[in-house]
Amino acid sequence: MPRSTPDKTTTLREAVAAHVRDGDTVSLEGFTHLIPTAAGHEIIRQGRRDLTLVRMTADIVTDQLLAAGCVRALVSSFVGNSSAGSLGELRRRVEHADPEPLEFEEYSHYGMVCRYLAGAQRLPFYPLHSYAGSDLPRVNPGIRTVTSPYAGERVHVVPPVNPDVTIVHAQRADRAGNTQIWGLTGVQAEAVFAARTAVVVVEEVVADGVVRSDPNRTLIPAHAVDAVVECPRGAHPSFAQGYYDRDNDFYREWSAISAKPDRLRAWLAEWVYGTADHGEYVTKLGEGHWAGLAVGEALSTPVNYGRRL
Amino acid sequence: MPRSTPDKTTTLREAVAAHVRDGDTVSLEGFTHLIPTAAGHEIIRQGRRDLTLVRMTADIVTDQLLAAGCVRALVSSFVGNSSAGSLGELRRRVEHADPEPLEFEEYSHYGMVCRYLAGAQRLPFYPLHSYAGSDLPRVNPGIRTVTSPYAGERVHVVPPVNPDVTIVHAQRADRAGNTQIWGLTGVQAEAVFAARTAVVVVEEVVADGVVRSDPNRTLIPAHAVDAVVECPRGAHPSFAQGYYDRDNDFYREWSAISAKPDRLRAWLAEWVYGTADHGEYVTKLGEGHWAGLAVGEALSTPVNYGRRL
Amino acid sequence: MEYTSSELLAVVASRELAGRRTVFAGIGLPTLAASLAHLTVAPELETVYESGVCGAHPSHLPQTIADAVLITGAEAVLSMPALFGYVLQGGHIDVGFLGAAQIDRWGNLNSSVIGDWHSPTARLPGPGGAMEVMANAREVFVVMRRHDRRSFVDELDFCTSPGPDRALAEGFRPFGAGVTRVVTELGILGRTAPGDELRLVAVHPGVTAARVREATGWELAVADDLTTVEPPSAGELRLLRDDVDPARVYLR
Amino acid sequence: MEYTSSELLAVVASRELAGRRTVFAGIGLPTLAASLAHLTVAPELETVYESGVCGAHPSHLPQTIADAVLITGAEAVLSMPALFGYVLQGGHIDVGFLGAAQIDRWGNLNSSVIGDWHSPTARLPGPGGAMEVMANAREVFVVMRRHDRRSFVDELDFCTSPGPDRALAEGFRPFGAGVTRVVTELGILGRTAPGDELRLVAVHPGVTAARVREATGWELAVADDLTTVEPPSAGELRLLRDDVDPARVYLR
């Protein structure tokens, strides 16, 4: 009676080649945790152009995609290098159209979440309470209002976003795409469900039995996933809970790297164009570097799903 | 730096006495799994009246609350004894106003889910695609439409529900109310967040460390919970994944019990009014009965949350 | 080989799942059909249950859509907001199985009441998630064990789960095709797009079109290329009996 | 005992959390304040982070709101739809901490741009979840290290996160009170309800009302019962230095 699950595993190179096209709307999600950096780097290596990038927290990987000339438009709710400083390329493009303008659609965090919720649920809009009195609706015509048919009060709404492709990073999946995430889970499931195509990049592709021992841990079921890529350490410089820690030094360093266009481009030449794939990037960082990001063990107490006797 | 978590543990008798009042809107959720039967029985024992009961799948415990005269109005999306037959008392009240009428508000399953979603998010309405062309909006004025301010299409909406109290059953919680559920999780978290007051009944109150070893398993955080009650086997005749199986024989038996008003009332006299609390009900069923519902072990593979070295 | 009516319906429904990726199944015949399809025409089919289970691998044949054996070993268990909102309304279901007390010629379904909603002759369980399946699955298969004029009616007492024609008439753009297949003890009714009536497309061996028309509460149209259903093969019956339902939970 | 400006701000902010059940905290001073409050005025306070963490029990002082040490050992980690939708918009947060580049007399905040939004002099990080905290927390505390006319402005360049007055002016009924406390290096501004302006309610020892008014970009009103802030006690400082931030991550 069990189904035989399809095998959707592939390489990052093949997944990006097959699913990310020039002009696409691409969502890369991961809130501080599990940022799909390796996927961003592969998009840069393959030279995609005119992308509309959708990402709540536009941070280092966004700055890199901008500097590589991949991005025409950005949809985001926070454009900063976390608390470590600024995104140099982003600021140059927004403040000085240097080297070219950037179309920018600004929402709040929950506004972005609601856009994914509407997209995932095939709704024409999603209501929220955030924008009453803000100047944001004046510069973003996507933010509108609806009048409730009950007490008649108005409420703000945002439109759905349905990315051509969503790419997320996760700890583990089976080969069919059943994806398990723990620690911060952010908006990854909604971003995947909202997308026409979805690629999941994981630290480990695991045996079916591992996933099925804990089906509640599966936040993204196989039918929502088109490709599964095993790419260990693919979230660096962000972190993967239980696998490696955040590279806080690199975040601080990025503010200096990105402050100078030449230095930023030299960094891309060395670390992205200069590496054939994420495996080379990982090796180039060196085992000493990775040892500094290693984490210890804090295992969850197992739960019993039960078995019919 | 750690906070000292508050202790909200109490007995079912005290929780119902403190939080369920005559005339209240009471939500009891649990979709086949983890139905808060023991809480329903305690409401019957304490003789609450004029309740508006909100429950997606109005099943055995609903029929019992109706028969005990606790319920004036029912809000539901499925009124049947699962696939095992009918709810006798409910049918008598709806079909013949026997022994008294029942106000009935009918939604679909997702309509109910959306009412909880709106309630939990403090939204004036929640949009969904279910009702286009159905006769249900003709008999339920709560189901209305809104026009999208984007492409101008109409979409149906439902109003929020904000129960005076929501009671759910779960596998385990800590004494502060951080509640962990696995297996079917239904709409329990949303029903709790939508409520003004929430009572969580659990198979086990566990040590803080058990909950904190797996924070992603916590679906209901402490701040949303007002009372925590340890009540083993409190979901019978429904089941608790990993604790005991569903009592399918009792489901089938209920169709016969509830078919006759006298027999139903005799059942209540013996099993609810005739037991001081759920502990007595469990004992009265007998260890032989419970042995038939026992389940074996199927443990989840632990995940590593990591520890800073 | 001899076969029962349940076996016939399960086999016929399973064949209709060829090439489908996801099916939203209820308990009983739909679960039998989906399970048989795994072993025959659709090995990679993902079965989704209203309770939140995706990709179940049960140790025993489930007795409810929420049976504990569906959860243990499943690929994913989702909350109801995710299941109904993201999976179903999100458009991820290829085929939804539904039953009903009444069906009309456009595939509209009644599962709420017999008689008037406000004072019904018989109060039925109601919509559950059927309305959502109808509105959001790409197509819907109905399995009705009994084929008679009480169930196949000219006019529904109440329309619980409307097909796309009724949605269109009210100015809403439907997502799915509504009911495309009705499998009964007498044969198969089919329908391809909004605007179509259900037509008799196949009869079981030994059943005439006239007998089906007689059992139907409206003037049932018959397809020009009416065929006879291929009876369950020995292989299909063996799989159904030995692998899918060896304990004879649903096969009677 | 001597103390730094950071220690002063953390201690003063922690005292304001007395009796509160839930606080939505950012990293840095708000985290220090909440952690100190656990040990002093609000032992049962639940700290909630934008990242989804509820009831953190970190082994080390966190460096970001998503630091791995906040997750391991936490009471709950929620998805962003649950955190923003159920917890924050649902009305479960008593106090939200916010910072900003600019604040005006009604407690409206700018964190988006200096200059015109379409061609800014300086592009700042933007709203993040600040707009949601402002709209949905019962009250908001602002901690601003620097108190000067560049930050305390007569008119915002852009209103990112509006207080309830601006919402009311547009016909929306606000949920929370907006900014009720602004703690700075010079003192404390306070405000109780929509319609109120921020007023100087307390100054730090050695600071005059005139100096605060001079550093504020609008005609700052001064409370009749202006008080002097009680300096950090030896006990508060010891807890802050030895228990809350022994590694001096934020205390400088």
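In what follows, chains are A, B, ... by sequence order, proteins preceding strands, each numbered from 1.
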Legend entry - Max heavy-atom pair count under 4.5 Å with chain B, selected residue of D/A37, D/A68, D/G90, D/G55: D/G90
Inset, instruction - Name the region of D/D67, side chain, backbone, both or neither, that has any atom closer than 4.5 Å to a heavy atom of chain B. - result: side chain
Legend entry - Contact summary for B/A222 and D/E46, nearest pair of heavy atoms: CB-OE1, 3.9 Å
Legend entry - Residue-level interface, residues 21-30 of chain D with chain B, non-hydrogen cut-off under 4.5 Å: D/R21, D/T22
Legend entry - Neighbourhood of chain B inside residues 127-140 of chain D, taking heavy atoms under 4.5 Å as contact: D/A135, D/N136
Legend entry - Toward chain D, the part of B/A194 with a non-hydrogen atom under 4.5 Å: neither
Legend entry - Minimum heavy-atom distance B/H223-D/C54, with the two atoms named: CE1-SG, 4.2 Å
Legend entry - Close contacts, residues 74-89 of chain D versus chain B, judged by heavy atoms under 4.5 Å: D/A74, D/E75, D/A76, D/V77, D/L78, D/G85, D/Y86, D/V87, D/Q89
Inset, instruction - Would you please go through residues 176-190 of chain B and name the residues with a non-hydrogen atom below 4.5 Å from one of chain D, in numerical order? - result: B/N178, B/E190
Legend entry - Euclidean distance, B/D214 CG relative to D/T72 OG1, rounded to 0.5 Å: 11.0 Å
